[in-house]
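Report on the structure given below.
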Amino acid sequence: MKITALAGGVGASKLLDGLQRATAPEDISIIVNTGDDIEMFGLYISPDLDIVTYTLAGAVNPAAGWGLRDDTFNCLESLLRYDGGERWFNLGDRDLGTHIFRTMMLRRGASLTEIADRIRLAHNVRCAILPMTDSPTPTTILTDEGELHFQEYLVKRRAAPRVIGIRFENIDRAAPAPGVIDAITGADAVIICPSNPLISIGPILAVPGVRQALQVTAATVIGVSPVVGGASLKGPTDRMLSDLGMEVSAAQVARLYEDVLDVYIIDKQDEAARDRIISRGIDVRVANTVMSGPDEKLALAREVLAACAAC
Ligand code: FO1
């Protein structure tokens, strides 16, 4: 069974790690959000591509869910001594190797797609990893304190400012990266990972042609809720939904995807929302979606695969 996943950062990576253990990794293609990308110290940083790659390689810092395991920060400290800036975005010494390589290859004219493939092969990752687009489309968060790059909002300001709006810069002029549309239309199942619907999956769906491909694909489109019991397990999904006047619930996230979803997997804690979601024409499966360890990741991945096989 050919599977394509739409993914953001940490939550998605956990499920993807389960999936690569539950089925043949070569059958999985992952379309990754690049709206979080940011330039720092002249380097092109692509956090979600790196989080997915490092996690699937078993190399991620397990406590943080991003960066490399046992990394050190000597280079960053040296840079900040010259720069005089505040340390708010932690780039590890070995992680910097990835950013230097990516930046060097971009300057030589390689595409983000080609570079992502080189990096995942170097880490022996067998799933295909595709950026959503090859052109920069940074996410701007409009807040009561002004406009912030997504990383400034999330990491520097710890998601404290109130969100008024979200803008995906240059998105109308962006094209899906090579292989993205084929991965959606040629799959047997497309999985929308439990990522932030507004700033992780939202940018992928906003790339011209992607949402339409999901609407017409013969693949079963299966979403996994990132909201459990009225809160997000990781990151500011709950706060952002609420700031933007939306209900913080699994059902609300399903509504954001209702034009593309066939099946939605919600947590046992949210079982009461089942009928509300079914009434919108979406099949619902109830599972333990809280991936607290390797066994839970594998169990949820098997649940997702069972939902794919049932359609
Ligand atoms: N997240 C943080 O909360 N603090 C950091 O200092 C930080 C550094 C960082 C460096 C490289 C990288 O690939 C990711 C990093 N992240 C950091 C994670 C990142 O900000 C977000 O979690 C993702 O963009 C959302 O998926």
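Just so we're clear, the structure is a prediction, and the values are computed from it rather than from any experiment.
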Would Glu77 and Arg87 pass as an ion pair if we require N to O under 4.0 Å?
-> yes
Atom CG of Asp27 and atom OG1 of Thr4: how far apart are they, to the nearest 0.5 Å?
-> 10.0 Å
Going from CD1 on Ile204 to CD1 on Ile192, what distance comes out if it is rounded to the nearest 0.5 angstrom?
-> 9.0 Å
Report yes if the distance between the aromatic ring centroids of His99 and Tyr44 is under 6.0 Å, otherwise no.
-> no
Output the distance between atom CD (Glu258) and atom CD1 (Ile282), rounded to the nearest 0.5 Å.
-> 6.0 Å
How about Glu169 and Thr140: does a side-chain donor come under 3.5 Å of a side-chain acceptor?
-> yes
Could you tell me the separation between the SG atom of Cys127 and the CG atom of Leu56, rounded to the nearest 0.5 Å?
-> 5.0 Å
Between the OG1 atom in Thr34 and the CG atom in Leu130, the distance rounded to the nearest 0.5 Å is 11.5 Å
Do any pairs count as a salt bridge (Lys or Arg N to Asp or Glu O under 4.0 Å) and have a residue in residues 97-114, sequence neighbours left out, and if so which ones?
-> Asp50-Arg102
For atom CZ of Arg21, is the number of surrounding heavy atoms from other residues, nucleotides or ligands below 6.0 Å larger than 12?
-> yes
Under the side-chain hydrogen bond (donor to acceptor under 3.5 Å, both in side chains) test, which residues partner Asp188, sequence neighbours left out?
-> none
Taking it one step at a time, do Tyr54 and Asn61 satisfy side-chain hydrogen bond (donor to acceptor under 3.5 Å, both in side chains)?
-> CA-CA 8 Å; Tyr54 294 167; Asn61 172 347; over 6 Å; no
